[in-house]
Amino acid sequence: LSCSVRPNVVEASGAGLMERWRFSTWAMLVLGIVTLVLSIHRADNASFTPDESYSYLHYVHQPLGAILTHKEAFSNNHLLNTLGMKYAEQLFGNSERALRRPNLLALWLDLAYAALLLRSLSWPFAAGGFVLLCTNVHLMEFFTLARGYGLSFALLLMAQFHLAQSIRTHGRRHLVLFHAASVLASLSNFTLLTAHIAGLIAYYIARSTHDDHPRKTIAGVRQLDLLNVFLVGLSFMVLWIPVQQLMQANMLTFHGTSSFYGSTVGTWVRSALPGIPMSRFPLVTGQVLITLLALAPIIILARERKSGSAGLETDSVLLATVSITFLATCMGASIEHLLFGVDHLKARYALFLLPLLCNVGYRTASQAIMVGVLLWCVPTFLRHFGPYESVEWMHEVRTKDAMASMEADHNAAQVSNDHVHIGNNWLFEPAMSYYREVWKLHWLAPID
């Protein structure tokens with residue numbers, strides 16, 4: 001009886017799991033396409049920001065060697081993004097969409113790895129978590145800009161997925177991909193250097209707690225450790241010169257001057273509530289909830305370890321690697337502040353940790369919490385994500401329209417003077433200079 005019934009039970013269970021996996025995959029695919037369409041629309045129509053314009057005017061046209069060695073060190077010169085803009089201009093031109101194309105491609109990568117990270121969950125949590133990741137206005141804005149932040153968000157998710165897979169499978173390829181993604185994420189935004197180190201810490205802690213792999217041997221572990229040492233050394237060689245240049249220029253400024261909770265955690269709370277003035281009560285409530293959310297995986301994993309149920313299941317390993325990376329990165333940023341006086345992470349510099357926090361949340365939240373958050377996030381995203389809305393650069397959303405109006409006025413007046421001067425301040429100069437150059441408005445005097 002046992003032999004005749006059990007295969008049918010397993011077969012039925014496997015069929016049900018496959019059906020749920022297919023449903024969540026199709027749901028995430030449709031949601032991903034909608035997100036991409038909305039992001040392309042914003043990238044096409046949103047004005048170039050000061051930081052995008054400054055990168056294009058001052059760094060993109062430097063020789064390749066000067067870019068790779070970070071010759072002109074500046075925290076806003078995101079090396080991978082600068083290279084992406086350089087080659088995007090050669091291939092597609094210098095329009096907003098052309099220069100923002102590397103980040104739109106990064107959005108594809110981000111959505112793909114978000115789906116891979118979430119697919120082990122039951123379909124309501126997989127689809128719901130995917131929606132939450134796609135509807136954070138502050139986070140998604142950076143995939144529509146020619147900056148390094150969107151690139152770093154996608155590469156960090158890629159690194160986390162392959163980090164967990166390297167522990168589950170003892171596979172060398174996943175370890176190589178983890179380091180490659182981490183190095184590229186650091187070149188996109190040097191803030192993620194701490195996340196690379198935190199990932200290494202998570203690798204050894206999670207590997208020691210999930211040590212029952214059937215292919216594990218002393219020789220195999222030794223080979224993995226040697227490979228890891230080699231990859232760490234290679235990463236050090238790639239990053240040493242640009243990071244040294246940045247340190248010598250003293251450009252590690254992240255704008256967080258209050259405290260870790262006030263600057264970094266406050267950023268995560270505000271990013272979930274765009275457009276709402278933040279009083280003390282909702283801010284403190286949000287900070288407490290985030291703290292509980294960050295500590296919950298430690299309790300869950302400790303119970304699994306105590307009961308002996310901590311195995312190589314996908315969700316268990318992911319929860320371990322993501323949560324340890326998140327906590328170690330937060331601790332590392334705080335230690336840097338205490339030892340070297342580096343600013344706390346704030347605003348766009350703190351956002352890269354939000355996807356990790358969200359991935360922890362999906363695996364520890366209840367269905368009621370997920371539904372409540374979705375009911376808030378989706379309409380908020382649809383209301384605030386557009387070409388005339390911005391979390392970081394609200395003062396710049398109409399610069400392109402202003403320049404077009406001046407051009408129309410000049411053409412209508414038929415003025416022969418080719419040295420028209422425009423009064424402006426430092427906030428608007430980079431974007432105005434960008435449009436003067438790419439639109440070939442030579443009747444305008446150089447803007448300073």
Side-chain angles (χ1 to χ4, degrees), residues 114 118 121 124-125 127-142 149 153 191 195 198 254-303 319 322-334 337-338 343-385 389-392 394:
L118 293 167
L121 300 177
F125 283 89
F130 193 82
V131 172
L132 290 181
L133 203 62
C134 295
T135 54
N136 185 291
V137 178
H138 199 182
L139 194 73
M140 296 305 297
E141 179 179 325
F142 286 103
Y149 304 106
F153 300 158
T191 314
F254 305 129
H255 306 300
T257 55
S258 56
S259 64
F260 174 77
Y261 268 84
S263 300
T264 307
V265 184
T267 293
W268 303 334
V269 176
R270 291 183 181 92
S271 71
L273 304 168
I276 296 179
M278 191 60 60
S279 61
R280 182 171 179 78
F281 177 75
L283 180 62
V284 172
T285 303
Q287 290 169 335
V288 171
L289 289 174
I290 285 173
T291 302
L292 295 174
L293 197 65
L295 295 177
I298 304 300
I299 299 171
I300 294 170
L301 293 167
R303 285 181 176 177
L319 183 61
V322 173
S323 59
I324 295 170
T325 301
F326 173 80
L327 291 172
T329 305
C330 293
M331 292 175 63
S334 299
H337 174 75
L338 290 173
D343 292 343
H344 290 292
L345 303 175
K346 185 179 179 180
R348 56 187 180 271
Y349 297 107
L351 276 183
F352 73 95
L353 284 165
L354 196 57
L356 300 186
L357 179 64
C358 290
N359 268 284
V360 169
Y362 307 147
R363 289 168 166 80
T364 55
S366 67
Q367 289 189 13
I369 293 173
M370 288 286 289
V371 171
V373 173
L374 285 171
L375 289 174
W376 165 260
C377 288
V378 173
T380 301
F381 176 79
L382 295 174
R383 187 168 62 250
H384 289 284
F385 189 74
E389 294 284 341
S390 174
V391 178
E392 293 278 343
M394 191 62 198

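One is the number of the first residue; the rest follow in order along the sequence. It should be emphasised that the depicted structure is a prediction, and the values quoted were computed from it without experimental measurement.
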Which heavy atom in [X] sits nearest to a heavy atom in [Y], and how many Å separate them?
X: T325; Y: A195; value: CG2-O, 4.1 Å
X: G129; Y: L118; value: C-CD1, 3.8 Å
X: T380; Y: V137; value: O-CG2, 4.1 Å
X: H344; Y: S263; value: CB-CB, 3.9 Å
X: L283; Y: G266; value: CD1-CA, 3.9 Å
X: L133; Y: C358; value: CD1-CB, 4.3 Å

Side-chain heavy atoms of [X] within contact of [Y], under 4.5 Å:
X: L351; Y: S271; value: yes
X: D343; Y: Y349; value: no
X: F260; Y: H337; value: no
X: N136; Y: C377; value: no
X: V378; Y: L382; value: yes
X: F352; Y: L345; value: yes

(request) Using the six-membered ring wherever Trp is involved, compare the ring planes of F326 and W268 and label them parallel, tilted or perpendicular (cut-offs 30° and 60°). (result) tilted
(message) If only side-chain N and O atoms count, and only distance matters, is there a donor-acceptor pair under 3.5 Å linking Y261 with T291?
(response) yes
(message) Does M331 have more than 12 heavy atoms from other residues, nucleotides or ligands lying within 6.0 Å of its CE?
(response) no
(request) Let me know which of L327, L356, L357 forms a side-chain contact (heavy atoms from CB on, under 4.5 Å) with V322. (result) L356
(message) So, taking the atom named CH2 in W376 and the one named CG in L132, what distance separates them when rounded to the nearest 0.5 Å?
(response) 13.5 Å
By side chain to side chain donor-acceptor pair (under 3.5 Å), which residues pair with [X], not counting sequence neighbours?
X: T285; answer: none
X: E392; answer: H138, R348
X: T135; answer: none

(message) Using side-chain contact (heavy atoms from CB on, under 4.5 Å), reason through N359 and L319 one step at a time and then give a plain yes or no.
(response) CA-CA 8 Å; N359 268 284; L319 183 61; over 6 Å; no
